[in-house]
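Data block below; observations after.
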Amino acid sequence: MSTLTQRSEQEQQWLAQLQTAFNDHQFQRLVLSQYQGEIAELDKISFRVVEIQQQQKLSAVYQYKTQDVTKNYDFAEAYACVESLLSNCKQANLFLEGEELQLKRTKKKVVLTRSQNKQVAAAQHTHNREKQRYINQDGAYLQDLGITDQKAQLVPSMARKWKQINKFIEIFSNAIEQITPQDRALHVVDFGSGKGYLTFAMYDYLLKQGLQPKITGVELRDNLVEFCQKVADKNHFDQLEFFQGDVRSYQPEHLDVMIALHACDIATDFAIHCGIRLNASVIMCAPCCHKELRPQLKSPEVLKPMLQYGIHQAQQSEMLTDAIRALLLEAYGYETKVFEFVALEHTSKNKMILAVRRKEVTEPDAKIMAQIEALKQMYGIQQHSLQRLLENELVDQERAGCRC
């Protein structure tokens with residue numbers, strides 16, 4: 001194919017259909033994906049129709065590697081924007097009423113295909129049989145977060161996120177029911193709160209249960225902290241605050257529930273240690289990557305044929321890392337479960353470690369610690385960060401006791 005400054009016939013047809021869809025009100029949504037232009041870390045851009053001050057606009061969500069940015073355009077501006085981005089995207093999907101037009105770019109040519117738009121019918125069917133939700137869609141904060149539109153209707157591109165939120169709150173609610181009510185506010189700390197989807201949902205849920213929540217979202221990216229705090233203030237969520245930092249820099253005096261979803265590598269260990277150290281009643285974490293143990297892993301002789309494959313080594317390291325975390329929680333008085341909290345189709349990071357404190361301990365359970373040591377010896381593991389943090393905590397307590 002020639003340079004992309006010269007539009008191919010397929011691109012011209014696709015753009016013409018987009019303009020017609022705008023004019024005839026047939027447009028439903030548009031996704032430009034596999035972006036390869038000059039905008040750093042941009043992956044894809046999704047467009048949908050929204051109503052702002054009784055006027056229809058196109059809302060564009062720019063999805064970067066670490067965050068999403070939303071911009072609203074009128075239709076002429078949106079068309080110009082799409083036209084400028086199109087040549088830098090390997091794929092463009094235009095969804096109309098009953099039809100989908102896909103523009104796909106290969107090394108040699110540009111291919112335009114038309115097919116039936118089945119997603120609309122499926123989405124409507126799903127909406128008609130919507131399950132009971134733990135969070136209502138009418139919350140104004142959901143509009144501010146971009147989950148619903150001004151009519152409190154779910155934004156199609158947020159359907160998976162909405163399902164994740166409700167599944168998380170279902171698990172969260174079951175855990176909260178198991179702990180003893182406090183005279184003071186229930187302090188929840190959400191490490192790595194990101195754009196605050198779960199943080200706001202927890203606050204909303206606890207308020208509607210008649211509880212007194214105090215929730216802190218801890219996030220490294222200051223632009224997200226500023227954004228979330230503005231949304232909290234706007235919605236008069238007076239006991240919801242956001243802190244710029246991480247698990248090492250934010251040190252509360254106490255907490256009742258510790259949340260850490262997708263904390264990278266040993267950041268999960270620091271978060272769990274914080275929860276145990278402060279006697280959190282509930283600890284919920286969804287581990288992300290597992291880098292610490294894999295370089296240490298030595299295959300037992302009988303497992304060498306299985307662990308000679310890199311993917312099996314990675315899976316074994318992940319399972320071993322999280323098994324030791326779960327066992328350490330049990331050794332320190334927590335009833336612990338490890339399970340899949342959402343299906344793989346919604347997120348690849350779908351493992352949840354849920355721990356509810358059942359008893360106070362002065363020292364870890366010796367039998368469980370022996371099980372951990374046996375696992376470490378079998379695989380040649382020298383160090384696990386959570387165990388090291390907990391051992392250092394015990395040493396510090398003993399020294400403090402001696403000083404007294």
Side-chain angles (χ1 to χ4, degrees), residues 66 164 167-168 171-172 175 188-199 202 216-221 224 243 245-252 255-297 313-342 344 347-357 364 368 372 375-376 379 381-393:
T66 58
Q164 291 174 36
K167 185 61 180 177
F168 175 84
I171 298 168
F172 175 75
V188 180
V189 178
D190 182 7
F191 288 110
S193 54
K195 203 172 180 180
Y197 298 126
L198 299 180
T199 325
M202 286 188 289
T216 305
V218 181
E219 170 58 45
L220 274 172
R221 291 166 288 183
L224 294 184
F243 177 88
D246 60 14
V247 67
R248 303 189 201 195
S249 58
Y250 178 73
Q251 299 180 353
L255 59 83
D256 299 298
V257 181
M258 192 288 295
I259 310 290
L261 302 189
H262 306 154
C264 188
D265 197 24
I266 63 171
T268 296
D269 297 306
F270 279 92
I272 294 174
H273 171 252
C274 176
I276 294 175
R277 178 174 60 84
L278 295 176
N279 294 317
S281 297
V282 174
I283 292 174
M284 299 177 69
C285 60
C288 185
C289 51
H290 303 73
K291 297 178 181 178
E292 182 185 35
L293 263 59
R294 185 168 180 179
Q296 304 178 52
L297 193 68
Q313 290 180 18
Q315 291 169 343
Q316 190 73 31
S317 299
E318 176 184 335
M319 185 164 61
L320 189 59
T321 300
D322 293 333
I324 293 175
R325 286 167 173 163
L327 287 168
L328 285 167
L329 281 161
E330 291 180 3
Y332 280 79
Y334 287 81
E335 179 184 327
T336 307
K337 298 177 181 178
V338 182
F339 56 95
E340 181 183 274
F341 76 101
V342 290
L344 275 171
T347 175
S348 59
K349 309 297 184 182
N350 67 339
K351 183 190 294 184
M352 172 75 73
I353 299 175
L354 172 63
V356 178
R357 186 157 60 93
I368 298 176
I372 293 171
L375 281 172
K376 289 172 61 182
Y379 287 98
I381 302 303
Q382 299 297 315
Q383 175 176 299
H384 188 289
S385 286
L386 178 57
Q387 184 178 11
R388 176 178 55 81
L389 289 165
L390 291 168
E391 287 173 349
N392 290 344
E393 184 74 20

So how far is it from [X] [atom1] to [Y] [atom2], rounded to the nearest 0.5 Å?
| X | Y | atom1 | atom2 | result |
| --- | --- | --- | --- | --- |
| K337 | L329 | NZ | CG | 14.0 Å |
| M352 | M284 | CE | CE | 4.0 Å |
| E330 | E335 | CD | CD | 8.5 Å |
| I324 | I381 | CD1 | CD1 | 6.5 Å |
| L261 | F191 | CG | CZ | 12.0 Å |
| L327 | I368 | CG | CD1 | 6.5 Å |

Within a strict 4.5 Å, meaning less than it, do heavy atoms of the [X] and [Y] side chains meet?
| X | Y | answer |
| --- | --- | --- |
| M202 | V257 | no |
| F168 | I259 | yes |
| R325 | H384 | yes |
| V189 | C274 | no |
| N279 | R357 | yes |
| I272 | C285 | yes |
| Y379 | L293 | no |

Exercise: identify the closest heavy-atom pair between [X] and [Y]:
| X | Y | value |
| --- | --- | --- |
| L278 | P252 | CD1-O, 3.6 Å |
| H273 | L389 | NE2-O, 3.5 Å |
| Q382 | Q296 | N-OE1, 2.8 Å |
| G245 | V218 | O-CG1, 3.4 Å |
| Y334 | A280 | OH-O, 2.7 Å |
| K351 | P287 | O-CD, 3.6 Å |

Exercise for review: Tell me, please, which residues at least two apart from F243 pass ring-ring contact (aromatic ring centres under 6.0 Å, His included).
Suggested key: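 Checked F243 against ring-ring contact (aromatic ring centres under 6.0 Å, His included); matches are Y250.
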Review point. Does the pair L198 and F172 meet the rule for a side chain to side chain contact (heavy atoms under 4.5 Å, CB included), with working shown?
Key: CA-CA 10 Å; L198 299 180; F172 175 75; over 6 Å; no
Check your understanding: Can any side-chain N or O of E292 pair as donor or acceptor with the backbone N or O of I266 at less than 3.5 Å?
Key ->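 Not at all, since once roles are kept as given, no pair shorter than 3.5 Å links the two residues.
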Point to revise | Test item: side-chain donor near acceptor, Q164 and Y197, under 3.5 Å | key: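 No donor-acceptor contact under 3.5 Å links the two side chains.
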Practice item. Given side chain to side chain contact (heavy atoms under 4.5 Å, CB included), test H290 with T268 step by step and report yes or no. Key: CA-CA 10 Å; H290 303 73; T268 296; over 6 Å; no
